J.: 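The structure that follows is given in the form of structure tokens.
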Amino acid sequence: MLSNKRIQELELVMEFEKVEECFKEVSNWIENVGRKRLKETVNLDDSLEMLLQAQKQFKEFDLVASEYCRRGQEALKKMNQWEDLSFVDVHSYRVKLQTYEDELEDFCTQLDETRHRVCETVRLYEFFDKVRQGICCTEEGVKV
């Protein structure tokens, strides 16, 4: 039994190293690229044309960011199999995994919120543009 326990611990360490390598790559991208790009999206332009350009750029970024989120989530899922193990030795791994999971969840949530905000802002600007055009047409009709 002790031998089996040690083998499982070694398997955990080997699996954790793979996950940690993958997550370090994801984490580096989030910190060096992802968060910076999300911050850039906070100030959206005042014209519909500029806003549509910003939306297009965000969609390109969103595809890449979503892929990193997916990869991070898949790496963390691989470690779910170890949650049932009650070894004292795995506590430090669980703490690291929880830190990774919190970071990933925070970024993915911010990404979702930004995606929604950009979409809603574009819809609002398009609505106001239609209203403005309607007012202009009405003013021309009144002048005629």
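Only a predicted model underlies this, so the values are computations on that prediction, with no experimental measurement involved.
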J.: Show your reasoning for whether salt bridge (charged side-chain N to carboxylate O under 4.0 Å, His left out) applies to Glu74 and Lys77.
T.: CA-CA 5 Å; Glu74 284 179 4; Lys77 282 181 187 176; over 6 Å; no

J.: Just wondering, more than 12 heavy atoms not from Glu105 lying within 6.0 Å of its CD?
T.: no

J.: Is there side-chain contact between Lys96 and Phe23, with heavy atoms separated by less than 4.5 Å?
T.: no

J.: Can you check whether Asp62 reaches Val118 side chain to side chain, under 4.5 Å on heavy atoms?
T.: no

J.: According to the interplanar angle, ranging from 0 to 90°, do the rings of Tyr68 and Trp29 count as parallel (below 30°), tilted (30 to 60°) or perpendicular (above 60°)?
T.: parallel

J.: Regarding Lys18 and Glu21, does a basic nitrogen lie under 4.0 Å from an acidic carboxylate oxygen?
T.: no

J.: In Å, rounded to the nearest 0.5 Å, how long is the span from OG of Ser66 to NZ of Lys59?
T.: 12.5 Å

J.: Give the cluster check for Leu124 versus Val131: same hydrophobic cluster or not, with ILVMFWY residues linked at side-chain heavy-atom distances below 4.5 Å.
T.: yes

J.: Take Gln110 and Arg35 through the side chain to side chain donor-acceptor pair (under 3.5 Å) test and state the conclusion after the steps.
T.: CA-CA 9 Å; Gln110 288 178 2; Arg35 293 199 190 283; 3.2 Å; yes

J.: First locate atom CZ of Arg37, then atom OG1 of Thr41, and finally report the distance between them rounded to the nearest 0.5 Å.
T.: 6.5 Å

J.: Can you check whether Gln55 reaches Thr121 side chain to side chain, under 4.5 Å on heavy atoms?
T.: no

J.: To the nearest 0.5 Å, tell me how far Glu103 CD sits from Cys108 SG.
T.: 10.0 Å

J.: Is there a chain of hydrophobic side chains (I, L, V, M, F, W, Y, each step under 4.5 Å between heavy atoms) that links Leu48 to Met50?
T.: no

J.: Verify the cluster assignment for Leu38 and Val64: are they in a single hydrophobic cluster under the rule of side-chain heavy atoms below 4.5 Å apart?
T.: yes

J.: For Tyr125, which residues count as a ring pair (Phe, Tyr, Trp, His ring centres under 6.0 Å) partner, sequence neighbours excluded?
T.: none

J.: Atom CG of Leu52 and atom CD of Glu126: how far apart are they, to the nearest 0.5 Å?
T.: 6.0 Å

J.: Taking the side chain as everything from C-beta on, heavy atoms only, tell me whether Tyr100 gets closer than 4.5 Å to Val26.
T.: no

J.: For Leu104 and Gly72, work out which heavy atoms get closest and say how close.
T.: CD2-C, 3.4 Å

J.: State, with a plain yes or no, whether a side-chain heavy atom of Arg117 is found less than 4.5 Å away from one of Glu120.
T.: no

J.: Give a yes or no on whether the backbone of Asn28 and the side-chain of Asn32 come within a donor-acceptor separation of less than 3.5 Å.
T.: yes

J.: With rounding to the nearest 0.5 Å, note down the distance linking CD in Glu31 to NZ in Lys24.
T.: 14.5 Å

J.: Parallel, tilted or perpendicular: which one describes the rings of Phe61 and Phe107, with boundaries at 30° and 60°?
T.: perpendicular

J.: Which distance, rounded to the nearest 0.5 Å, do you find between the NZ of Lys39 and the NZ of Lys36?
T.: 9.0 Å

J.: Does atom CD of Glu49 have more than 12 heavy-atom neighbours, drawn from other residues, nucleotides or ligands, at distances under 6.0 Å?
T.: no

J.: Linking I/L/V/M/F/W/Y whenever any side-chain heavy atoms sit under 4.5 Å apart, do Ile135 and Phe128 land together?
T.: yes

J.: Check this for me: does any side-chain nitrogen of one of Asp112 and Arg115 sit under 4.0 Å from a carboxylate oxygen of the other?
T.: yes

